[in-house]
Amino acid sequence: MSDRTTTGAVAVAGPLLLGVRHHGPGSARAVRAALDAARPAAVLIEGPPEGDALLPLAADPQMRPPVALLAHAVDDPGRAAFWPLAEFSPEWVALRWALAHDVPVRFIDLPATHSLALKEPVGDQPGEQPGEETAPAPGGEEATPRVDPIRVLAETAGYDDPERWWEDVVEHRSPAADAAADALAPFTALAEAMTALREAYGDGGHPRDAVREAYMRIQLRTARKEFGDGVAVVCGAWHVPALAARTTLAADRALLKGLPKVKAEMTWVPWTHRRLARHSGYGAGIDSPGWYGHLFGAADRPIERWMTKVAGLLREEDRFVSTAHVIEAVRLAETLAAMRGRPLAGLSETTDAVRAVMCEGSDVPLALIQDRLVVGETLGEVPDSAPAVPLQRDLTRSQRTLRLKPEALERELDLDLRKETDAARSRLLHRLRLLGIGWGEPAEGRGSTGTFRESWRLRWEPELHVRVAEAGVWGTTVATAATAKAESQALAATALSEVTALAEHCLLAGLPEALPVVMKALADRAALDADVGHLADALPALARSLRYGDVRSTDTAALAEVAAGLAERICVGLPPACTGLDADGAEALRRQVDGVHSAIGLLVAGATPAEAEAAPVEAGAGAGAGATPAGGLRDRWGAVLRKLAGRDTVAGIIRGRATRLLLDEGRLTEDEAARLMGLALSPGTPPTDAAAWIEGFVGGASGGGMLLVHDERLLSLVDAWLTGVPADTFTDVLPLLRRTFSAYEPGVRRTLGELVRRGPVPEGARNDGTDHAYPGFGPGLDADRADAVEPVLHLLLGRTPVPVEATA
């Protein structure tokens, strides 16, 4: 299919050539009228001939457009292409007409076995169609600029918007007028325009169209020999002049000689209105598939019915829209159409009317209408009898068993892993992610953050059928395919973090058969990897995985042994690794320290009481042998943090973070923390090092802002240091400070600013008995202003104020 088409036909002594615009409701109605009038002996449609065996499925009651023919190379499923069809596609209307009237119907375009071999795989651009290449013409010649026939004809008619011209000429034609006129008249008239365009522009910048058209002419000759001249051809109007041209069979065969081939398979798959939209990258896309679907399906009063749909959508979003709004919007749309000289109110008129009447001039609700109705989220359906790879059939069975219906509209799914069905849903989604089938993506949950809760964001895209076909090489079921791929990735992984992430995926996906292979690879990589950074990157995933056994009934004993060994090796090697770092290296290691700290917290939290009370063992244990028990590991890590916090050779940002972690754990008193901050911010420390220490101590989203709000000594130390930074070095530390404090909540920044504005309390005023609202800063509470608020509070609470004498 091509986006180079409009509506047109050519009346020749022979077959009836009906040129159409793909996905045009006006073209679809015109094709149906022409077929009813001509009653052809056979119908030929532009499409891959491999799909002929699948055509009877279009009559199945379970087949609901939009759908698409999917062709993919057997040896390379990622090399694929789609031929989408909507309810308002002329090809779909012709196909259903032929099946309903028991008329032979065939596809006559270039076979997919050639079209897939002629171009690069389009798995990442599923809307792209065979024959829409962007490469130069064969022979190295520069390709002619591509021609958009609709745009050329619209400009010739004086229109600046091709879509508006198309609606006025075709989509908004009166059905009554069409019934009274010759059914072939619109095809004949516009076919002449296509002939003139082909004479002026040649192939229009599509050199491979000559090959496709040669094949279609050969198929047309074959059909005429079989059925005579009573054959109707439904194809893109751009191709009509080429099909009507007189050529020899030898010349057409010469164009097809030597074409490359691949073995291809084809099936029907569901499609979506969104994927029919031009913005999705589909070459033959339209701007408003939802609107076109409405025009095609509305038996009468299309504008009234459209405004009713809009009102229903806005009401679902809790916007007040009454029947009067609908009536007024219809009147305004019809008035705008009359003023603009249009035969019927089009999408621009209805949009303007909805904006003015129902949206009160706002474009915000209009964006919702554009997304949900103008484009639309309709997802088609195909019957179970359609061919599919075994993996697709197993996935379909799982979706039905777990009541997880694929939907085009994005939705949130919250799972409680303590429930059997939800746990099975989680395993399925994780297995699909491991296979590269991104139906669901993990999302931040709205409820509990415990390990028994999961939240997913689900959205089914048509190209996922290609991903399923690609994953079919790993197995015939989702479970076996995910297991095989996990084992293969474990053997091929070169980094320790890759294997630990894979182990986490296997536990989440419930793949016990893959775990032995993954655990062996994990132990091997952990024993050989001496880089502390790699070990630190790997430990968090292992620690998270250990918690899954609580709700997933997974045996994680082997994983716990490896994790404890990694933690011990990190404790031994981390202090030396934190010296001699540049700014980027220090920041990266600071993030790793945070990750290790959280991981050790998870390891300790998941330990048994006996393990938690166990004493630490000697350092130096390797992965999987003599690992430190949980209680000893916690003490061991605390000792490492103390080393990092007290060594001047350690980067400032890491020393600051170690101090903060010790303070949060209660392993450091407030006096000790203030002493370490005083040392870090002393005049002898370079300003950039001091700023890095501050960033490590109070930076990020770790609550450092509230720590400064409530601890007068720490805030005083930071304030005194900052005011004492020399002017010539202040610009060097400003980016670090801005990055540190910009992460605070707005309320925290505002409070800190107010405290600093008031300034520190003089030493003599600290013991004067005054109640200071903010310890260490400001003049304290203004009693007169506070008393003035009290009567208002009593009034709001509905209470009678108590006289001061009564409380004496």
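One is the number of the first residue; the rest follow in order along the sequence.
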Apply side chain to side chain contact (heavy atoms under 4.5 Å, CB included) to the pair Leu496 and Leu522, showing each step before the final yes or no. CA-CA 7 Å; Leu496 179 60; Leu522 177 59; 3.6 Å; yes
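- A ring pair (Phe, Tyr, Trp, His ring centres under 6.0 Å) check over residues 642-695, counting only residues at least two apart or in different chains, returns the pairs Trp693-Phe697.
- In this structure, the side chains of Glu454 and Leu508 come closer than 4.5 Å at one or more pairs of heavy atoms.
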Determine whether Ile600 and Ile570 satisfy the following criterion, side chain to side chain contact (heavy atoms under 4.5 Å, CB included), listing intermediate values before the conclusion. CA-CA 11 Å; Ile600 289 178; Ile570 291 172; over 6 Å; no
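- Looking at heavy atoms from C-beta onward, Glu665 lies out of side-chain contact with Leu662 at the 4.5 angstrom threshold.
- By the 4.5 Å heavy-atom criterion applied to side chains, Leu458 and Glu407 are not counted as neighbours.
- Evaluation of the salt bridge (Lys or Arg N to Asp or Glu O under 4.0 Å) rule for Glu672 yields no partner, not counting sequence neighbours.
- When side chains are defined from C-beta on, His597 does not count as touching Val640, because their heavy atoms never get closer than 4.5 Å.
- In Asp582, the CG atom is crowded: over 12 heavy atoms of neighbouring residues, nucleotides or ligands sit closer than 6.0 Å.
- With sequence neighbours left out, Lys643 forms a salt bridge (Lys or Arg N to Asp or Glu O under 4.0 Å) with no residue at all.
- For Arg749, the side chain to side chain donor-acceptor pair (under 3.5 Å) test picks out no residue, with sequence neighbours left out.
- Remark: the Gln392 side chain and the Thr396 side chain contain an N/O donor-acceptor pair separated by less than 3.5 Å.
- Two residues are said to be in side-chain contact when any heavy atoms from C-beta on lie closer than 4.5 Å; Leu391 and Thr476 fail this criterion.
- The number of heavy atoms from other shown groups lying within 6.0 Å of CD (Glu513) does not exceed 12.
- Among residues two or more places apart in sequence or in another chain, the ring-ring contact (aromatic ring centres under 6.0 Å, His included) test is passed with Trp439 by Trp460.
- Under a 4.0 Å N-O distance rule, the pair Arg591/Glu587 qualifies as a salt bridge.
- Taking Arg667 as the reference, Asp635 meet the salt bridge (Lys or Arg N to Asp or Glu O under 4.0 Å) condition, with sequence neighbours excluded.
- Heavy atoms only, all atoms of each residue included: Cys506 and Leu515 are closest at CB-CD2, 3.9 Å.
- Across all their heavy atoms, Arg655 and Leu644 have their closest contact at CG-O, 3.0 Å.
- At least one donor-acceptor pair under 3.5 Å links the side chain of Ser398 to the backbone N or O of Asp394.
- Taking Arg642 as the reference, nothing meets the side chain to side chain donor-acceptor pair (under 3.5 Å) condition, with sequence neighbours excluded.
- Contacts classified as salt bridge (Lys or Arg N to Asp or Glu O under 4.0 Å) and involving residues 592-601 (residues at least two apart or in different chains) are given here: Arg590-Asp594, Asp594-Arg657.
- Contact annotation: the side chain of Leu574 approaches that of Leu589 to within less than 4.5 Å [non-hydrogen atoms, C-beta and beyond].
- Annotation: side chain of Glu504 is not in contact with side chain of Thr500 (no heavy-atom distance under 4.5 Å).
- With contacts defined as side-chain heavy-atom distances shorter than 4.5 Å, the pair Asp416/Arg453 qualifies.
- Each side chain to side chain donor-acceptor pair (under 3.5 Å) pair with one or both residues in residues 478-497, not counting sequence neighbours, appears once here: Thr477-Thr480.
- A pairwise comparison of heavy atoms in Gly595 and Pro540 identifies O-CG, 3.8 Å as the closest pair.
- Applying the side chain to side chain donor-acceptor pair (under 3.5 Å) criterion to Thr579, with sequence neighbours excluded, gives no partner residue.
- Partners of Arg457 under the salt bridge (Lys or Arg N to Asp or Glu O under 4.0 Å) rule, at least two apart in sequence or in another chain, are Glu410, Glu412.
- Taking the side chain to side chain donor-acceptor pair (under 3.5 Å) definition, one finds that Asp524 meets it with Lys520, sequence neighbours left out.
- Separation of atoms OG1 (Thr659) and CD1 (Ile654) is listed at 11.5 Å; rounding is to 0.5 Å.
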